[in-house]
Structure formats: structure tokens, C-alpha cells
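Below is one structure, written out as C-alpha cells; comments come after it.
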Amino acid sequence: MFTQTKLPYNYNDLEPYIDALTMETHYAKHHATYTKNLNDAANKAGVTHKEIEELLRSLGSIEDATLRKVIRNNGGGFYNHNLYFSTMGPNCGGEPSGELAEAIAKEFGSFLAFQETFTALAIGQFGSGWAWLSADAEGKLYVSSSPNQDNPIIEGSKHVPILGIDVWEHAYYLKYKNVRPDYVKAFFNVVNWEAVAKNYSLIKKG
Ligand code: MN
């Protein structure tokens, strides 16, 4: 049984950057539906015993092509939104501190340079998808983007996302309409860097 992460704040807590109706629809409809569809398909495929990361890494072992595709899309949607909702919050934004800040400076030169690269990937993702900040076990950071509900794990990377921005239109259209860059800019005001740093420390070994 795959369980949707509990939202650690209220729907209206990310105002004015992300509006309450978008948050409610996104969490209670979109994410809930990905979760339900994943559970239904995982039951049929007999893979409910797997952790979600393990499941996304082993999609190739699901023999039925239709079920494999449903689990890729909805398992990705389940995982991606758990990360997205748990790395935002009210009274957040700013910049990370500690070892994550050091890793960002080492990999990208500065936080501002990272922000520019990440923003360009988020804006440049054609159609629906995501932009990611990921880390590997050595603590090296990566930025990338993925179409649909894919992510670096599904794509077979050894790095794991620690922050993701959803650039599907359902994530911003009610407030920002077609102006994705304004949503991406606003997103940085609600990033919970403490939560991202915790993700980083869990992935980085030693
Ligand atoms: Mn979404």
C-alpha cells in the first residue's frame, strides 16, 4: 500500500506564491489519483511489497506492458508529488545552509548560479514535466529535467532527487496562466531548504 505523504501545512499557507485552490486540487485530486492508480496497478502486478524507489528502478521486471506503463506514470506521479509537497512550506525560501550550501557552491559556483540553471531547466522543459536537484551517495549534486512523471530514478540514474519543481500546467495555471517563469520564480519563496538538506543528508553516505 503506497500512502500519500501528509501535507505538512494548510492549502492556503503558501499564498501568495501558490494559491490555495491550486494546492487543494493538486494534492487532493491529482496526487490522490496518482496514488490510487498506482495502488490499483501495483496490486494487479503483484508488486505492492516493494518500496517506491525500488519499484521505479525495476519497472523492466513488470511483464505486462500496459501495467508497466501505468505504474511508471502513476508511480512516478506518486513519488514526485511526495517530494514536491514535502519540500515546500510557509516562511521558507531564502538559501540553504550547512553542507548542502557547500555542495551547491562547489558544484555550481554559487546559489544564484544554481538557481539560474534550475530555473532554465524548469522553464525549458517542453510540455509537462519536472526539474530536479539530485544527489548521489558521494554527495555530488546534479540538475536535470524530465518529461511527464519521469524522474532520475526512472531514468536509471544513480542520483536521487532531493528537490523537484512540478511544471505541469495543473501546478500553476489557475494563478499564473501561461506564464510559467513567474511560477518558477515564486516557487523559490516556498522551498523548504531544511527539508531539502535533510533529503541530502539521507542520500549522502558518510
Ligand atoms: Mn502535479
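First listed ligand is number 1; within each ligand, the first listed atom is number 1. It should be emphasised that the depicted structure is a prediction, and the values quoted were computed from it without experimental measurement.
- Leu174 belongs to a hydrophobic cluster whose remaining members, ordered by chain and number, are Leu21; membership requires side-chain heavy atoms of ILVMFWY residues under 4.5 Å apart, directly or through intermediates.
- Protein atoms of type N, O or S found under 2.8 Å from the Mn ion (ligand 1) total 4.
- Side-chain contact between His81 and Tyr27: absent, with no pair of heavy atoms (C-beta onward) separated by less than 4.5 Å.
- Rounded to the nearest 0.5 angstrom, Asn82 CG and Phe2 CZ are separated by 11.0 Å.
- Take Lys177 and apply the side chain to side chain donor-acceptor pair (under 3.5 Å) test, not counting sequence neighbours, and it matches no residue.
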Show me, pair by pair, the donor-acceptor contacts under 3.5 angstrom made by side chains of residues 42-50, not counting sequence neighbours?
residue : atom : partner : partner atom : Å
Asn43   : ND2  : Asn39   : O            : 3.2
Lys50   : NZ   : Ser58   : OG           : 2.9

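- Within the 4.5 Å cutoff, the side chain of Phe108 has no heavy atoms near those of the Gln115 side chain.
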